[in-house]
Amino acid sequence: MNQDMLDQLIGAAPASTVDVDDVVRRTRRRRRIRRLATGGSTAAAVIAAIAVGASLLPGSGPAPAPDPPAAAASPSPSVPVSPSPSGVALESGTPDGRQRILDRLRIVLEQATTEHAPDVRWIYMPDEPGEKRTPDGRPVMFALDDDTFRARSGVTADGRKGGFYLSLRAVGCAGGRSCEPFYECAPPVTDCGETRTASGLRLVRYVDRPGQGWRFYGVDVELPDRRHAVHLSAVNYFGGDGSRPSAPEPVFTRAQLEAIATDIAETITG
């Protein structure tokens, strides 16, 4: 998606006043909302391809044991083995490499969500008018050409609905590469702090209230390679960016979001 299309989906900021500081704050708000727009129509263009790739997750069973010398034994049937997400490396440069990352990232995300937020369910969430509906039960995941990996989905629990976004991307901008810097606590966001995970990874968590009833929970966790980060956002609206709030708070709690982000970051080797 190009910038013009993304700006159209996000919508224009409210009319500015003559207060220059207010203009700067609204600009920062638009940038934060844009960070949540994880692909828009790009997602719709790649959903079919990702769905095919996701159905090909590794899961072959062990080979039959060889026959003993004294007597021939019947081969044991193949037993499916659950794929392990441990040690996900950021392979890049080829469509197959990016697809492998997406497949493994999906496993980590779904396992972490089941562990830390067992009451939350993935549901279809439209990103733009006329978007083709996808089945409930799995987040939509896709990769961009700059090796940014994204997921988006509606979520529901206790009769409430909201949105969820994930990005795995480079944070170092050297050499003119596409990147999204690590989140920094700065006004007007006041509910923001930096800490470390149990394994020592840098983590920033925040709550943004940009107005009109919106509330965003965000977590950035730096990967062990210190060149990439995973970002998770839970929002209290359902639909494309700029949608009206659907609940007073996001469906994921702040603690759940932080635990899921930490699990993902600690699984990926970078």
Problem - Nearest atoms (heavy-atom pairs only) where P250 meets A234 - result: CG-O, 3.4 Å
Problem - Y183 side, atom OH; R205 side, atom CZ - distance, nearest 0.5 Å - result: 14.0 Å
Handout entry: Greater than 12 external heavy atoms within 6.0 Å of R244's CZ
Key = no
Exercise for the section: Mind telling me whether Y237 and F216 have parallel, tilted or perpendicular rings, with 30° and 60° as the class edges? Expected result: perpendicular
Exercise for the section: Would you confirm whether S246, through its side chain, and K161, through its main-chain N or O, come within 3.5 Å as a donor-acceptor pair? Expected result: yes
Problem - Heavy-atom side-chain proximity of D119 to Q256 below 4.5 angstrom - result: yes
Handout entry: By side-chain hydrogen bond (donor to acceptor under 3.5 Å, both in side chains) - contacts of S199 (at least two apart)
Key = T197, E266
Completion exercise
Applying ring-ring contact (aromatic ring centres under 6.0 Å, His included) to F252 and not counting sequence neighbours gives F164
Exercise for the section: Please answer whether the main-chain N or O of G242 pairs with a side-chain N or O of W214 as donor and acceptor at a distance below 3.5 Å. Expected result: no
Problem - Under 3.5 Å donor-acceptor, S167 side chain and L232 backbone - result: no
Practice task
List in chain and number order the residues that pass side-chain contact (heavy atoms from CB on, under 4.5 Å) with A265, two or more places apart in sequence or in another chain; answer none if no residue qualifies.
Solution key: L201, V221, L223, V230
Practice task
Could you check if a side-chain atom of C192 sits within less than 4.5 angstrom of a side-chain atom of E184, using non-hydrogen atoms only?
Solution key: no
Problem - Under 3.5 Å: donor-acceptor pair, side chain of R150, backbone of V140 - result: no
Handout entry: Sequence-distant partners of R202, side-chain hydrogen bond (donor to acceptor under 3.5 Å, both in side chains), two or more places apart
Key = E194
Completion exercise
CZ (R98) and CZ (F142) are apart, to the nearest 0.5 Å, by 13.5 Å
Problem - Interatomic distance, I260 atom CD1 to T113 atom OG1 [nearest 0.5 angstrom] - result: 4.0 Å
Practice task
Provide the closest heavy-atom pair for Y206 versus S233 in the form atom of the first, atom of the second, distance.
Solution key: OH-OG, 4.2 Å
Exercise for the section: Without swapping roles, check the side chain of D158 against the backbone of R160 for a donor-acceptor pair under 3.5 Å. Expected result: no
Problem - Spatial distance of atom CG (L168) from atom CG (L102) [nearest 0.5 Å] - result: 9.5 Å
Problem - Contact summary for V171 and R226, nearest pair of heavy atoms - result: CG2-O, 4.3 Å
Problem - side-chain hydrogen bond (donor to acceptor under 3.5 Å, both in side chains) involving D136 - partner list, sequence neighbours excluded - result: none
Exercise for the section: Could you state whether F238 and Y124 fall into the same hydrophobic cluster, counting links through intermediate Ile, Leu, Val, Met, Phe, Trp or Tyr residues with side-chain heavy atoms under 4.5 angstrom apart? Expected result: no
Handout entry: Partners meeting side-chain hydrogen bond (donor to acceptor under 3.5 Å, both in side chains) with E222 (sequence neighbours left out)
Key = none
Problem - Heavy-atom donor-acceptor pair, R121 side chain to P118 backbone, under 3.5 Å - result: yes
Problem - Where N236 and A247 come nearest, the two heavy atoms and their spacing - result: ND2-O, 2.9 Å
Practice task
Determine the minimum heavy-atom distance between M125 and G163, stating which atoms define it.
Solution key: SD-CA, 3.8 Å
Problem - Contacts of T190 that satisfy side-chain contact (heavy atoms from CB on, under 4.5 Å) - sequence neighbours left out - result: none
Handout entry: Heavy-atom check, side chain of Q212 versus side chain of P245, under 4.5 Å
Key = no
Fill in the blank from the handout: One should read off an interatomic distance between C185 SG and D220 CG, to the nearest 0.5 angstrom, of 10.0 Å
Exercise for the section: Mind checking the CG-CZ spacing from D191 to R254? Nearest 0.5 Å is all I need. Expected result: 4.5 Å
Practice task
Could you tell me whether the side chain of F149 reaches within less than 4.5 Å of the side chain of I268, counting heavy atoms only?
Solution key: no
Problem - With sequence neighbours excluded, residues passing side-chain contact (heavy atoms from CB on, under 4.5 Å) with D263 - result: A112, E115, H116
Practice task
Flag the pair R138 / W122 as yes when at least one side-chain heavy-atom distance between them is below 4.5 Å, and no otherwise.
Solution key: no
Practice task
Could you tell me which residues satisfy side-chain contact (heavy atoms from CB on, under 4.5 Å) with D96, sequence neighbours excluded, listed by chain and number?
Solution key: T94, R100
Exercise for the section: Determine the minimum heavy-atom distance between G162 and V251, stating which atoms define it. Expected result: N-CG2, 3.6 Å
